[in-house]
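Scroll down for the structure; my scribbles are underneath it.
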Amino acid sequence: MRANHLPDGRTILVSCRPSLDGGWVDVHEDVTDRVQSDKTIERLAHSDLLTGLSIRHHFLKTLGEALDQPWHDASLAVLLIDMRNFKRINDTLGHESGDHVLKAVAARLAQLIGEGDSLARVGGDGFAIIKAGADRAAAAEFAQDFCFAVGSALDVDGQQVDIAINVGVAVAPSDGQTASDLMQRAEIALSQAKAAGRNQFALFDAELEASLRERRDLETDLKSALELGQLELHYQPIMEYKSRRVASMEALMRWKHPTRGMVPPGIFIPIAEEIGIIGELGRWAIGRACHDALNWPQHVKVAVNLSAEQFKTDDLHIVTHAALRDSGLPPKRLELEVTETLLLSDEQRTRRTLKRLKVMGVSVALDDFGTGYASLSYLRSFPFDKIKIDQTFVRDLPRDGDCNAIVRAVVMLARMLGMRTVAEGIETVEHLNQVVAAGCDEIQGYHLSRPVPVDAVPGIIADCEERLSAAA
Ligand code: C2E
Ligand code: MG
Ligand code: MG
């Protein structure tokens, strides 16, 4: 059997069969229609019905084939395009309008690509383009054009619909030489572009990928850190100036990573918050701190930092109660430190939890006061026992008259509201003298002691009390 493709477009199938009388019969069959419909079926199988564009699977095949071509001098760019606000369009205007928008965006993209380029719809509101022969500079220019031309308002049934896109670009061979590498890297670039805002594009950046990978590794390791006993609490003294005694020891979490060494809480606490394990870490910290404090002189409290995330569940007071009960530490020896971010949302639940903690006899301090979102109205929202004036004010005290004025004003305000004040970050005698002159009740900082491991706590308490008394 043989297929003959005629110049007029017809396809004739020729088969040759023996006849009963020993001869041969040639059968010529016109199969043009069948061939056409097979082709249509094949095309439909790898096309998106709505936009008529290739689908992801076919796009990847095309990309693989393009990458298999000998390189010559040419490079190739993959651009991933994502609509920022499609879900909102769909939800507010309905699916029919959503479909209309997708078709219109596909048409805008199709108009912009050149001959030899490929365009596909690779997700609900995602498109991809193979730009043949484009190096990084050309791909960037192209992506910029896209953002400009595609990300503008569209008329849908007489209504102006706002369209915004992001474009992520990866270029072969520098960013990858296989279809999956290039797609993955364009995806990374796309997430960077999304973070940059409306109608922004980004080229894949190897350094960025390294930092994302590092972050992922940290996340994975952090998930097992507690179980593997890699977390510790160190303690830093907070002294009451007037009595020259240690008022409390602040528990500061440390992560002893097997290969990275000591990871500071400024790095891993935000990760723990994001991946949803801060509750578990916080529960451990409060339990550990209460147990440790039992071995210290009775006048020394233990202060534990809480993350705003820990207030999002209903069990913080239960966790605190359990830590006190299990350790036998009197509630008045436990102090909890919260930051202003907690008060930003001003949720009823937060206030309820804070009240429950206070009713239990635990004291509550407002940490890092004056940074970020400081608003005096927060001081009215809850009767804090203490305000910790952030170290940034203390650091600049010697040079900056404004800082001095702020510290004095906060001290005065706190007094009127019946709250005590702590100055954080006392590093020098000068700092110490200035905050004392400003009227701060308590002091904390490297000048007294850095945070130390639990074993060193009794020694540090005695040493600090002795030194401060001697200096008086
Ligand atoms: P923070 O609660 O304001 O703790 C004070 C931070 O300032 C500590 O940093 C401490 O080591 C540092 N510091 C103390 N004195 C001085 C000084 O004189 N000079 C300077 N430059 N720094 C000083 P650290 O231990 O790195 O902790 C950073 C932050 O991480 C803490 O700030 C707190 O917000 C958070 N954190 C620490 N442990 C925990 C925890 O168990 N749970 C939660 N949720 N957060 C924690
Ligand atoms: Mg603190
Ligand atoms: Mg602080």
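Remember, it's 1-based here, ligands and their atoms both numbered in the order they're listed.
Arg56 forms no cation-pi arrangement with Phe59, by the criterion of a distance under 6.0 Å to the ring centre and an angle within 45° of the ring axis.
Taking CZ from Arg244 and CZ from Arg467, the interatomic distance works out to 13.0 Å, rounded to the nearest 0.5 Å. Separating the CE atom in Met360 from the CG atom in Leu324 is a distance of 7.0 Å, to the nearest 0.5 Å. Atom CG of Leu208 sits about 11.0 Å away from atom CZ of Arg213, to the nearest 0.5 Å.
Geometrically, ligand 1 and Glu427 share a nitrogen or oxygen pair separated by less than 3.5 Å. Close N/O approach between Met253 and ligand 1 is found [any backbone or side-chain N/O within under 3.5 Å]. Ligand 1 has no N or O atom lying under 3.5 Å from any N or O atom of Gln444, backbone or side chain.
At a heavy-atom cutoff of 4.0 Å, ligand 1 is contacted by no atom of Arg450, backbone or side chain. With a 4.0 Å cut-off on non-hydrogen atoms, Pro451 touches ligand 1 through its side chain and not its backbone.
Counting protein heavy atoms only, atom 27 (O) of ligand 1 is closest to Pro265 CG, 3.2 Å. Scanning the protein heavy atoms around atom 15 (N) of ligand 1, the nearest turns out to be Gln236 NE2, 3.0 Å. The shortest contact between atom 3 (O) of ligand 1 and any protein heavy atom is with Asp368 OD1, 2.9 Å. Scanning the protein heavy atoms around atom 18 (O) of ligand 1, the nearest turns out to be Tyr446 N, 2.8 Å. From the protein, the heavy atom lying nearest to atom 1 (P) of ligand 1 is Asp367 OD2, 3.7 Å.
A donor-acceptor contact closer than 3.5 angstrom is absent between the side chains of Asp217 and Thr220. If you check the side chains of Tyr235 and Asp292, you find a donor sitting under 3.5 Å from an acceptor. Side chains of Glu250 and Asn305: a donor-acceptor N/O pair is present below 3.5 angstrom, by distance only.
With Glu232 as the fixed residue, the salt bridge (charged side-chain N to carboxylate O under 4.0 Å, His left out) test singles out one of Lys256, Arg288, Arg254: Lys256.
Residue contact check for ligand 1: Glu250 places a non-hydrogen atom closer than 4.0 Å to it. Heavy-atom separations between Gln391 and ligand 1 include at least one value shorter than 4.0 Å. Using a 4.0 angstrom heavy-atom cutoff, Arg254 counts as in contact with ligand 1. Residue Gly425 places a heavy atom less than 4.0 Å from ligand 1. In this structure, Glu424 is part of the shell of residues with a heavy atom less than 4.0 angstrom from ligand 1.
Centred on the Mg ion (ligand 2), the OD1 atom of Asn305 and the OE1 atom of Glu337 lie at an angle of 90°, reported to 10°.
At a distance under 4.0 Å, no protein heavy atom can be found next to atom 9 (O) of ligand 1. Distance check for atom 32 (O) of ligand 1: every protein heavy atom is found at 4.0 Å or beyond.
Within 6.0 Å of CD in Gln160 there are more than 12 heavy atoms belonging to other residues, nucleotides or ligands.
As for Glu424, its N/O/S atom nearest the Mg ion (ligand 3) is the one called OE2. For Glu250, the N, O or S atom with the smallest separation from the Mg ion (ligand 2) is OE2.
The residue among Asn305, Leu306, Thr339 with a heavy atom at the shortest distance from atom 39 (C) of ligand 1 is Asn305.
At least one N, O or S atom of Asp368 sits under 2.8 Å from the Mg ion (ligand 3). For a distance bound of 2.8 Å, the N, O or S atoms of Asp367 include one lying that close to the Mg ion (ligand 3).
Counting atoms of ligand 1 from 1 in the listed order, those under 4.0 Å from a heavy atom of Ser307 are 44 (N).
A salt bridge links Asp82 with Lys194: the closest approach of a Lys/Arg side-chain nitrogen to an acidic carboxylate oxygen falls below 4.0 angstrom. Between Asp162 and Arg198 there is a salt bridge, with a side-chain nitrogen of the basic residue lying less than 4.0 Å from a carboxylate oxygen of the acidic one. A salt bridge links Lys312 with Glu309: at least one charged nitrogen is closer than 4.0 Å to a carboxylate oxygen.
Between Ile443 and Leu468 the shortest heavy-atom distance is CD1-CD2, 4.3 Å.
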Working for side-chain hydrogen bond (donor to acceptor under 3.5 Å, both in side chains), residues Glu240 and His299: CA-CA 11 Å; Glu240 188 192 48; His299 68 278; over 6 Å; no
